[in-house]
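Structure record follows, encoded as structure tokens.
Because only heavy atoms are used, hydrogens play no part in the values below, and waters and symmetry mates are left out as well, while side chains stay in. Just so it is clear, the structure is predicted and the values come from calculations on it, not from any experiment. Quick note on labels: first sequence line is chain A, next is B, and so on, each numbered from 1.
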2 protein chains.
Amino acid sequence: MDMADTRQRLIDGAIQTIRQHGITGTSARTIANTAGVNQALVFYHFGSVHELLEVACLAATEARVAPFLARVDAVTSLRQLLDLGRQLHAEERSLGNVMVLAQMLAGSQADPKLAKATSAALHLWIGPIEQALNRLLADSPLATLVDTAGLARAVCAGFIGLELFEGVDPTGAHAALDALDRLASLVEVIDDLGPVARRALRGKLRKSPA
Amino acid sequence: MDMADTRQRLIDGAIQTIRQHGITGTSARTIANTAGVNQALVFYHFGSVHELLEVACLAATEARVAPFLARVDAVTSLRQLLDLGRQLHAEERSLGNVMVLAQMLAGSQADPKLAKATSAALHLWIGPIEQALNRLLADSPLATLVDTAGLARAVCAGFIGLELFEGVDPTGAHAALDALDRLASLVEVIDDLGPVARRALRGKLRKSPA
DNA sequence: GTCTATAGCATGATAGAC
DNA sequence: GTCTATCATGCTATAGAC
């Protein structure tokens, strides 16, 4: 039953521990405890706590991104993409990959090795989002204005920040998400503009951006 | 010279320690070390490490927000507000209040007492930003669309997320900031719309938002 | 592969000399 | 108010029995 799946239990335990106790409350002992295995096995299977965290963060993110891929491919409009984003955010409250990434990011600021792993995990989200934006904005008046690579990263960073903020002010975070949603609907409208308005807008834009 | 300013040295030491070693590397001993004082004084002056962190976070944020107030009051357009935001972001790289808030937020997720203090500190930023947005959008076509309270919170959360992201991918964070800036210039253009386009836009918006 | 036991060090916090 | 000394506990990591 649990020959080489002790490894998996440790990975799952690491993720659950980060979610429940944050990066500050995560140690070989707390992980092993929630995983229901012996503490020494962390070092036998992964060498160190840090390495377990790196593996766990990547594995958990992969598992969470995989089902997301099909859903994002089915999206055919900006509005649908926004809706998918809100669905995702709601699901994250229970499944919590974003919080894991946030805690890992906090721990990464003083540790280059963690930073590398966390960056890799983040890019598992960034890639598909960027692709979707490229597809949806391909023949939009916004295509020349927005940099989809940068926007995808901004979206991910925003999710991280919102998740952390939600921990200390849930109603405030909800208001923030609503505000962004309404602002995004503005972009959506512009995306749907007719050719005349489109040209007018482009003229206006030409003199304003940096 | 340093009678009751040992207190201040500990506060400064706490902030500097969080910035250099993150929340995971912050302890009574590391703080006292960078402050150049004895470790026991943390508990004499503040009772516990957590209480020192709460005081320090609030004090550092107050000190950083104070000079910001005059600058945000001088702003007279959305473009200027965006520019101020970018200036602020550049300054934060060296002064680092946003990183302190990010690390405190990470630590707050499993600690309600820290959460309360961090939330209070965050609102020192949120308040003035919300005020500025209210003032600048007062008679804009966007006034009915955007919720300034929510938007102010979204902006703060976004800064937090970007700062964390910058730690693991500096060039990616730069691209993200640029993308947001360009997107914001779109909002700026709409803010400057004439009455005809304004009415057309309002009609389009009426059927689209949730 | 998994366990116990333990080394060696860092931690929060306190007691008591000065 | 500040110091030294100390306690109890938690931590990473390893050695060695099974």
Which whole-number value in Å describes the distance from [X] [atom1] to [N] [atom2]?
| X | N | atom1 | atom2 | value |
| --- | --- | --- | --- | --- |
| B:F46 | D:dT2 | CZ | P | 11 Å |
| B:L53 | C:dT11 | CG | P | 13 Å |
| A:N38 | C:dA5 | CG | P | 11 Å |
| A:F43 | C:dG1 | CZ | P | 18 Å |
| B:L10 | D:dT2 | CG | P | 9 Å |
| B:Q8 | D:dG1 | CD | P | 15 Å |
| B:I31 | C:dA10 | CD1 | P | 17 Å |
| B:D111 | C:dG12 | CG | P | 13 Å |

Give a yes or no on whether the backbone of [Y] and the side-chain of [X] come within a donor-acceptor separation of less than 3.5 Å.
| X | Y | answer |
| --- | --- | --- |
| A:S119 | A:A115 | no |
| A:Q103 | B:A106 | yes |
| A:R153 | B:L162 | no |

Give me the atom names and distance for the closest heavy-atom approach of A:N97 to A:E92.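 Closest approach of A:N97 to A:E92, heavy atoms only: N-OE1, 2.5 Å.
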More than 12 heavy atoms of other residues, nucleotides or ligands under 6.0 Å from CZ of B:R86: is that the case?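 Above 12, so yes.
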How about B:R93: does its CZ atom have over 12 heavy atoms from other parts shown lying under 6.0 Å from it?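 It does not: B:R93 CZ has 12 such atoms or fewer within range.
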Are there any protein N/O atoms within less than 3.5 Å of an N/O atom in nucleotides 6-11 of chain D, and if so, which ones and at what distance?
residue	atom	partner	partner atom	Å
D:dC11	OP1	A:S27	OG	3.0

Report yes or no: do A:Q87 and A:D83 form a side-chain donor-acceptor pair below 3.5 Å?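 Short answer, no.
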Nearest to the side chain of B:S48, heavy atoms from C-beta on, is which of D:dC3, C:dA13, C:dT4?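 So the nucleotide nearest the side chain must be C:dA13.
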Mapping A:A40 and A:Y44 to their closest nucleotides on DNA chain C, which lands nearer the 5' end?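 Result of the comparison: A:Y44.
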Counting only side-chain N and O atoms of B:H45, is one of them less than 4.0 Å from OP1 or OP2 of D:dT2?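 Yes.
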